[in-house]
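Each residue takes its place number in the sequence, starting with 1. Everything quoted here is computed from the prediction, not taken from an experiment.
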Amino acid sequence: MIQKLTLARLENLLLQACDILRGKMDASEYKEYVFGMIFLKRLSDQFDAEREQMRKKYQKQGLSPELIEKQLQMPDKYHFFVPEAASWENVRHLKRDVGNSLNKALHELEESNPDTLEDVLKGINFNRKVGRVTLSDSVLVDFIQHFEKIPMRDEDFEFPDLLGAAYEYLIKYFADSAGKKGGEFYTPNEVVRLMVNIIGPRAGLTIYDPTVGSGGMLIQSKHYVDERGEDSRDLGLYGQEENGGTWAICKMNMILHGVLTADIRNGDTIKEPLHQDQNGELLRFDRVIANPPFSQNYSKTDMKFKERFSYGFCPESGKKADLMFVQHMVASLKETGKMATVMPHGVLFRGGEEKNIREGMIKEGIVDAVIGLPANLFYGTGIPACILVINKEGARERNKIFFINADREYREGKNQNSLRPEDIQKITNVYRYKRELPDYSRFVSLEELENEEFNLNIRRYVDNSPDPEPHDVRAHLLGGIPESEIESRNEDFAAHGIDIYSFFKPKEKGYYLFRDEVAVKEDIRKIVEGCERVAEKESDIISALDQWWYDHLDELVKLPETKKVYQVRSSYIRSFVDRLDQFDLLDYHKIEGVFVTFWQEVAADLKSVAASGWSAGLIPEEEILASQFPEVLQKVKDNEERLTELEALFASAEAETGEDEDPEKTEEDNGVLSKEQAKELKDRKKELTGEMKSIRKNELKPLEETLKNLEKIDSEAVQGSGYNPEEIENKIKQAKEKIGKNANRLSDIEVKLFRHEALEDEVKKLKAENRAVEKKKSNLVEKAREKISEKEAMGLILKRFYSVLEEDLRDYMKSHLLDLTAYLEKLWDKYKVTVRDIERERDKEVEKLNQHLEELGYLG
């Protein structure tokens, strides 16, 4: 049985395709090639599958071969008709003029499907110059041959939307690679998810994104409807995008997700919105969602539908088109419609015409909420942004606006911050149920807003600045830790099984000292982590998790029958929160965060289970190798460890080589030389070998022959010859000594080179062995998978699911414990050294200084 493609396997194969082009050009330049090839292969493979199904159907109906062939050539029989030039059977054999042939394939594919593909593929040019060169035939052939290994028929995928999910993964990959430019076509998934939660799409509604980018917001809206157990096919998706390349990516995204009815237009939304009704009026939608480009200019020249901007026009210069986008979205909403859009904070408080526009919208009651987001979430800018929520339903009765300030809650990243699952859940729940939380959210009345001149600056109404750090003057002067600061976190410590007072001993009324066991700050962490009650508390929580898992396991086991992935999610998250909320260790939103984190990690596998059953293909390669071929993994591990050791030695040799260091005099016992040392020794070996050869030929051999000839004649003749045998013997001795010295040096050099080259050969051998194992691994894994029954596969997969959930929960508990430890360490740093300690230390130093000055005679 051929294993179907899992999402992880497909993502890996597509990244390998990217690797073929990497180095030839930037990711931002080759993304269209990858997307184009995916699209070409997918449509061709599925076309072949559809044609074969029709052939079998017609044969079963008894049609003649001639009539069958005629029917199979009719384009309207297929979702997408693939002409011969675009068929994979033709593409896979390309060897020469490959760029032109691929361009022709895409052109003919587009021409054969004008209703769905017009202008989508024409922007992809495989002959486009990057710098001064184009991609060579050999690179393009390798690219094609790699896609030859990726089957893309429906029946090849573990679940129906797998290719669409992989396509989204690639879009994010290219956005990450493009850095700031990634913001032109991609909004971070976490922000999109939050916005979709806010607008709450439902089946039967129309969703519109006027700056649609690569289509992520529309696709997420579709997923949201699926999660509610509704039919997302009964959802109208509309979008407009100005950038032609990004528009094409969006079109392909929709098609690869199976959304063939999405209406995606290419054009400038502010200048000319292209979605119009039968009367030529602006089309209106149930939901609008967008992340428009920040701080753009615009022009009134040739602008259509100027009546959209009923609240006023922003200045055409100065990059202030933000509220123009907002007004267009408002005009595109039905009277019961709702929208959410990302905006820079400037739109909330800038004066002039923007203030008038804000005032008009607020007085009309359509502004529902303003949500402040953390800084550095987006690719295009590091500044914090907000989500502006407009809701026309109930606008006449609305006399207040709901503010949420969530800019302090996020996961910090090296290059970019992100919203955590618990952050998304908290914002969603607080907005949805309009919960007023201290320093986080509150309603602001129209009267208060009017008094503030309609300034919507979030911090003006919800200031979440941290409280000033408390400092007890008495404690700083005389020592001790205030009881009030210990008591303030008592409940948090108790939730994790820790009595915070167990770290302290009484000093005087209202003050404590760290107990004697805490001699240095580092002891705090050791005592916290070694606390028995911590382990017991965490064990109780894991036991509750374990019981919850087995109480609800049957719903997962039956997924291949019920197919209800999203219903399981909805059921699981409610019961999961109810079970764990009783422990008080994590707050409600963090418990939701644990579950959502887990679900995101296993969602693709669960879709596969629902669609294709408990397939062994879902078991990770490393897990199969570990259970079936542990010796293979051990061999790779041993090789990697030795490689790491050797590469460190070689790197150290390169770093430590001195400019004047003589490689013959090095005493390294590890045998490793730097490249420079090895080259110098090889050169000296060559010189010494040549010198010894020259001495033998030009000195020793003539001297030995002369001496031999002299030995053949009598002594009188020798005397008459002018040669002195003793002198010649002495010269022969000197020549042999020179040869001997060189031979000894040569031997030492050869030993050094032999040891060095042996280690170089070992590195090559280890790398070759690992490459061979990598090639062999796939075959081993596939053979092992064939032996695993569906029941065994289910057991292994469920075990992994539980391990993922348990690990996520432990990560959150660990984070909580680290926070408690950090608080104790902060108390140590704050109050360990008193003012009196500083004064005493100062007095000691002054005394030392005076004594020194006396010794020098400066003081009497």
Side-chain angles (χ1 to χ4, degrees), residues 635-773 775:
K635 177 66 175 172
V636 172
K637 181 182 177 184
D638 292 344
N639 284 0
E640 290 292 347
E641 288 177 355
R642 178 59 177 159
L643 268 173
T644 300
E645 179 185 345
L646 289 174
E647 287 171 348
L649 289 175
F650 279 100
S652 177
E654 293 295 333
E656 294 176 4
T657 301
E659 292 183 7
D660 301 322
E661 187 175 353
D662 188 339
E664 287 190 59
K665 296 178 181 178
T666 57
E667 297 295 334
E668 293 289 341
D669 59 0
N670 58 33
V672 178
L673 301 167
S674 68
K675 292 178 183 178
E676 184 181 341
Q677 288 175 329
K679 181 179 183 302
E680 193 170 342
L681 286 180
K682 288 176 183 177
D683 291 341
R684 290 190 190 180
K685 177 182 175 182
K686 187 176 179 181
E687 290 172 8
L688 289 171
T689 302
E691 188 177 333
M692 290 165 64
K693 184 177 180 181
S694 175
I695 292 172
R696 288 193 182 98
K697 180 180 178 181
N698 300 321
E699 295 183 38
L700 186 59
K701 186 176 180 181
L703 288 170
E704 287 178 335
E705 287 178 353
T706 301
L707 186 60
K708 186 177 181 181
N709 290 333
L710 289 175
E711 288 173 349
K712 293 178 182 179
I713 60 177
D714 57 33
S715 57
E716 289 183 6
V718 170
Q719 291 177 359
S721 68
Y723 287 103
N724 184 339
E726 291 182 2
E727 188 178 329
I728 292 174
E729 286 176 352
N730 189 45
K731 288 182 178 180
I732 290 173
K733 182 181 177 183
Q734 290 174 353
K736 286 182 176 180
E737 286 176 352
K738 280 199 282 184
I739 291 172
K741 286 181 181 178
N742 283 358
N744 288 336
R745 285 182 64 194
L746 187 62
S747 177
D748 289 342
I749 288 173
E750 286 177 336
V751 168
K752 288 180 180 291
L753 287 174
F754 177 80
R755 293 178 66 194
H756 173 75
E757 289 167 356
L759 292 172
E760 283 186 323
D761 291 341
E762 186 181 358
V763 169
K764 292 176 184 176
K765 180 185 175 186
L766 292 170
K767 289 182 176 179
E769 285 180 356
N770 279 1
R771 283 196 298 269
V773 170
K775 289 182 180 178

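For the atom pair CD of E654 and NZ of K675, the computed distance is 6.0 Å after rounding to the nearest 0.5 Å. Atoms CD and OG, on E647 and S652 in that order, are 13.5 Å from each other to the nearest 0.5 Å. Distance CD/E762 to CD/E769: 9.5 Å, rounded to 0.5 Å. For the atom pair CG (L707) and CD1 (I728), the distance works out to 6.0 Å, reported to the nearest 0.5 Å. The structure places CG of N742 at 14.5 Å from NZ of K685, a figure rounded to the nearest 0.5 Å. To the nearest 0.5 angstrom, I739 atom CD1 is 12.0 Å from L688 atom CG.
Scanning for side-chain hydrogen bond (donor to acceptor under 3.5 Å, both in side chains) contacts around E687 gives an empty result, with sequence neighbours left out. Every residue two or more places apart in sequence or in another chain that forms a salt bridge (Lys or Arg N to Asp or Glu O under 4.0 Å) with R745 is listed here: E664. By the side-chain hydrogen bond (donor to acceptor under 3.5 Å, both in side chains) test, D761 pairs with no residue at all, sequence neighbours left out. Looking at residues two or more places apart in sequence or on another chain, you find no side-chain hydrogen bond (donor to acceptor under 3.5 Å, both in side chains) involving E729. By the side-chain hydrogen bond (donor to acceptor under 3.5 Å, both in side chains) test, N698 is found to be paired with S694, residues two or more places apart in sequence or in another chain being considered.
Under a cut-off of 6.0 angstrom, the local environment of CD in E645 is crowded, with over 12 non-hydrogen atoms contributed by other residues, nucleotides or ligands.
When all heavy atoms of K682 and E757 are compared, the pair lying nearest together is CE-OE2, 3.5 Å. Smallest separation of non-hydrogen atoms from S674 and A653: CB-O, 3.6 Å. The two atoms that bring K697 and P702 nearest to each other are O-CD, 3.3 Å, heavy atoms only.
Not one N or O on the side chain of S747 forms a donor-acceptor pair closer than 3.5 Å with the backbone of A743. A donor-acceptor pair under 3.5 Å is formed between the side chain of N709 and the backbone N or O of E705.
Using a cut-off of 4.0 Å between Lys/Arg side-chain N and Asp/Glu carboxylate O, D638 and R642 are scored as not salt-bridged.
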Test salt bridge (charged side-chain N to carboxylate O under 4.0 Å, His left out) on E760 and K764; report intermediate values, then the result. CA-CA 6 Å; E760 283 186 323; K764 292 176 184 176; 5.7 Å; no
Candidate pair D683 and K679, rule salt bridge (charged side-chain N to carboxylate O under 4.0 Å, His left out), full reasoning: CA-CA 6 Å; D683 291 341; K679 181 179 183 302; 3.3 Å; yes
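Within the structure, the ring pair (Phe, Tyr, Trp, His ring centres under 6.0 Å) test picks out the following pairs touching residues 724-771 (sequence neighbours left out): F650-H756.
Two residues are said to be in side-chain contact when any heavy atoms from C-beta on lie closer than 4.5 Å; L649 and L759 fail this criterion.
With K731 as reference, L703 is the one residue of L703, L700, N724 to meet the side-chain contact (heavy atoms from CB on, under 4.5 Å) rule.
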